[in-house]
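Structure record follows, encoded as structure tokens.
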Number of protein chains: 2
Amino acid sequence: MKTRQQDILKTTIADFIYTAEPVGSKTLQSKYKINCSPATIRNELKTLVDEGYLEHVHTSSGRVPTDKGYRYFVDKLSEKQTMPAQEELWFKEQFQHMGSNIQDMLIQLTELMSSVMDYTTIVMLPSIFQESLKAAHLVLVDIDTVLITLMSTLGMNHQAVVNISGDVNQEDLTKIANLLTHKLGGQSFSALDNIDVDYLIKELPSYKGVFEELVLSIGKMNESLKSQKSIYTKGKGNMLRLPEFENISYAREVMECLEETKVLHQLMQRHIDTGTVEAFIGGENGVESLSQCSVLMAPYTVEGKTVGSISVLGPKRMDYARLMALIHRLSGMIEDQMKPQEV
Amino acid sequence: MKTRQQDILKTTIADFIYTAEPVGSKTLQSKYKINCSPATIRNELKTLVDEGYLEHVHTSSGRVPTDKGYRYFVDKLSEKQTMPAQEELWFKEQFQHMGSNIQDMLIQLTELMSSVMDYTTIVMLPSIFQESLKAAHLVLVDIDTVLITLMSTLGMNHQAVVNISGDVNQEDLTKIANLLTHKLGGQSFSALDNIDVDYLIKELPSYKGVFEELVLSIGKMNESLKSQKSIYTKGKGNMLRLPEFENISYAREVMECLEETKVLHQLMQRHIDTGTVEAFIGGENGVESLSQCSVLMAPYTVEGKTVGSISVLGPKRMDYARLMALIHRLSGMIEDQMKPQEV
DNA sequence: ATCTGGCACTCAGATAAAAAGAGTGCTAAG
DNA sequence: CTTAGCACTCTTTTTATCTGAGTGCCAGAT
């Protein structure tokens with residue numbers, strides 16, 4: 001593409017991102033210094049339309065970027081940014097106050113992000129399926145009550161309190177816990193669904209009854225973990241401020257879509273493998289109702305495995321470079337935060 | 001108030017709740033069997049307007065209920081309902097699958113409620129300030145790592161993993177945990193902010209270093225618990241379907257308000273003491289932005305103390321009797337669910 | 001007294017026509 | 001290849017008119 005064409009495309013998109021109004025040849029010339037007459041600009045605009053980078057909303061209106069146009073803008077016409085030092089400091093400060101619990105940290109991050117970015121933020125926690133058991137702990141908290149704690153390699157601990165009918169003491173429980181850790185440690189949480197009770201009983205025959213009760217409880221606990229929320233969003237209201245949401249039925253459609261955890265889950269899952277920060281512009285995100293929105297996504301990776309992602313969802317008209325820099329760096333910070341949990 | 005007037009008021013409000021359109025005298029006569037002419041109805045309507053139960057949106061439109069009208073409708077013209085047996089069964093069934101963790105149970109309930117009620121549901125978890133410590137447990141999970149578990153009387157357990165620099169073994173930790181439980185058990189979580197270290201050291205002098213580290217960690221843990229989310233909402237998108245939200249700027253105002261955890265917290269807190277299911281109609285809820293909405297609230301109580309509440313937020317035009325019955329019963333179910341945790 | 005039919009009146013909302021404005025596309029000349 | 005000029009298109013805004021639901025009130029009926 002010719003340099004001047006690129007300039008014009010870039011300026012057009014930049015202006016549209018700013019104003020949300022179709023951009024005309026006159027505006028381009030007067031508002032930005034482009035060294036040619038409106039007529040020349042018009043000619044260039046025409047070819048840009050023909051080539052699919054821009055479109056006419058109607059015969060006598062300015063031009064609006066197409067998905068292809070945005071794509072080119074992001075890939076070729078934008079410089080990669082990094083998170084400003086000041087913002088980085090601020091976020092680091094915030095991380096200090098977030099406590100060591102990974103779940104809560106990510107949930108709180110969702111809020112921080114939406115307040116800084118002014119759009120909707122979506123955070124996907126590591127799903128239970130991606131966690132492996134690091135250790136099981138059993139604590140006798142009362143004569144017939146046991147606190148089960150399952151620690152995962154990702155630092156997401158899960159616990160439940162269950163009643164046990166048989167007699168047990170703490171020593172026995174510790175033995176059992178050790179055995180469980182030994183037998184199941186390193187395995188995926190999904191293995192907890194059908195624990196080989198017989199094997200356990202063979203190892204410590206005297207605890208038959210306790211084993212059975214515990215295994216049942218762990219299975220039930222695991223089941224409820226599976227149905228647990230792993231997607232958090234914040235800042236849906238932010239979107240309603242944007243001119244593209246003036247249309248109430250469109251706003252409704254998007255809002256309802258954003259409340260469908262399933263849809264969001266698919267959205268996040270579908271693109272998580274890419275492993276890098278990515279922008280999904282308009283239709284690229286694959287969700288019909290969100291085809292007028294863009295999604296920026298940064299996966300976070302623990303031990304080489306992508307376990308979750310953070311993202312921003314906004315109008316296609318967004319500051320891609322800045323936001324991508326933000327989530328990129330944030331995902332790095334998450335990874336740092338999750339690392340120390342590894343032992 | 002005369003019986004006929006009551007009839008007319010009731011019918012008017014019922015019709016408005018159904019159609020969301022101002023109700024005229026003709027509609028009242030033709031659609032519902034009221035034994036008098038439109039002119040008579042008009043006269044009655046006029047006095048109802050004069051007395052503040054209805055209002056005119058403009059000179060030549062039908063009547064719309066005022067807050068006072070709704071109030072009268074709810075208090076005097078509606079019969080108390082109970083949750084239908086079928087629905088009750090369904091909810092009980094759902095509770096089975098929710099796992100024993102109170103937090104998760106309430107979060108999941110928020111979603112269930114919004115799907116059944118079609119409005120926005122708000123659930124307030126017991127705040128950390130209302131919990132008392134039941135027991136502390138310390139588990140050595142690694143040579144220098146301790147898992148702290150603080151169990152509350154409400155069954156909301158909190159935990160954190162911390163690194164300890166000094167040498168400890170499980171036996172020591174168990175002693176410490178017992179001491180902590182003994183010293184702090186029954187006290188409010190807020191007491192955890194400034195634990196009397198000296199006292200502890202006096203009891204078990206050899207653990208000075210460990211104590212100090214642990215107490216610091218517990219303090220930090222407690223701090224992060226305080227900032228934790230205790231309000232959950234669901235179904236904000238449901239509202240956008242309603243005709244009262246056709247106006248985008250109004251919709252935006254409400255949506256943004258519903259994203260302000262602080263505001264919601266105040267809203268819930270302000271009315272929690274009433275101790276019974278309550279309807280706050282329009283302006284009664286005390287939040288400026290929500291003055292066109294009604295809030296139905298059912299507190300839930302543990303050991304005679306109200307610790308949280310569940311509520312539905314919708315347009316003033318809602319089925320008060322039905323929804324109040326629902327949340328009333330649900331709050332009872334929550335209480336049942338929280339009881340077994342008491343020992 | 002209370003109810004009711006009749007009728008003039010009000011006002012929001014729909015429909016239509018006209019005017020304004022932004023921006024294009026094309027042509028012909030520089 | 002660039003640009004000024006101009007006719008043309010299509011949306012948006014403005015203004016005017018019409019329609020109809022619904023009221024308020026009066027005068028006569030019950």
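Note that the coordinates shown come from a computational prediction; the quantities given were computed from them, not determined experimentally. FYI, side chains are in, hydrogens and waters are out, and symmetry mates aren't considered; it's all heavy atoms of this structure. Numbered from 1 within each chain, the chains take letters A, B, ... in sequence-line order.
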Rounded to whole Å, please give me the gap between [atom1] in [X] and [atom2] in [N].
| X | N | atom1 | atom2 | answer |
| --- | --- | --- | --- | --- |
| B:D15 | D:dG22 | CG | P | 11 Å |
| B:R4 | C:dT2 | CZ | P | 10 Å |
| B:E44 | D:dT23 | CD | C1' | 16 Å |
| B:L28 | C:dT4 | CG | P | 14 Å |
| B:K26 | D:dT23 | NZ | C1' | 12 Å |
| A:H58 | D:dT11 | NE2 | C1' | 5 Å |
| A:Q29 | C:dT24 | CD | C1' | 16 Å |
| B:E21 | D:dA21 | CD | P | 13 Å |

Scan B:S61 against the nucleic acid and name what it touches under 4.0 Å (heavy atoms): base, sugar-phosphate only, or nothing.
sugar-phosphate

Please identify each residue that fulfils salt bridge (Lys or Arg N to Asp or Glu O under 4.0 Å) with A:R317, with sequence neighbours left out.
A:E244

Could you label the plane-to-plane angle of the B:Y53 and B:Y72 rings as parallel, tilted or perpendicular, counting under 30° as parallel and over 60° as perpendicular?
perpendicular

Read 5' to 3' with Watson-Crick or G-U pairs under 3.5 Å, [ ] for crossing pairs and | for partners on another strand, DNA chain D gives ||||||||||||||||||||||||||||||

Judged by nearest nucleotide, the residue sitting upstream toward the 5' end of DNA chain C, A:T27 or A:N43, is A:T27

Which comes earlier along DNA chain C counting from the 5' end, the contact point of B:V57 or that of A:G62, where each point is its nearest nucleotide?
B:V57

From the options [options], select the nucleotide whose nearest atom is closest to the side chain of [X].
| X | options | answer |
| --- | --- | --- |
| A:R42 | C:dT24, D:dT23, D:dT3 | C:dT24 |
| B:K46 | D:dC25, D:dT9, D:dT3 | D:dC25 |
| A:S37 | D:dT3, C:dT4, C:dA12 | D:dT3 |
| A:T40 | C:dT4, C:dT24, D:dT3 | D:dT3 |

Considering only heavy atoms and no angle criterion, is a donor-acceptor pair shorter than 3.5 Å present between the side chain of A:S60 and the base of D:dT9?
yes

Within the modelled atom types, does a donor on one side and an acceptor on the other bring the side chain of A:T59 and the base of D:dT9 under 3.5 Å apart?
no

So does B:K76 have more than 12 non-hydrogen atoms from other groups sitting under 6.0 Å from NZ?
no

Examine the side chains of A:T47 and A:Q5 and answer whether a donor and an acceptor come within less than 3.5 Å of each other.
yes

Using salt bridge (Lys or Arg N to Asp or Glu O under 4.0 Å) as the criterion, point out the one residue from A:K316, A:R71, A:K68 that pairs with A:E284.
A:R71

Which atoms form the tightest heavy-atom contact between A:E259 and B:N238, and what is the distance?
OE1-N, 4.2 Å

List the atom of A:G314, the atom of A:M239, and the distance in Å for their closest heavy-atom pair.
CA-CE, 4.0 Å

Which one of B:T27, B:D15, B:T12 satisfies the side-chain hydrogen bond (donor to acceptor under 3.5 Å, both in side chains) criterion with B:Y32?
B:D15

Please check the phosphate of D:dG24 (OP1 and OP2 only) for any side-chain N or O of B:R63 closer than 4.0 Å.
yes

Report yes if a side-chain nitrogen or oxygen of B:S25 is closer than 4.0 Å to either non-bridging phosphate oxygen (OP1 or OP2) of D:dT23; otherwise report no.
yes

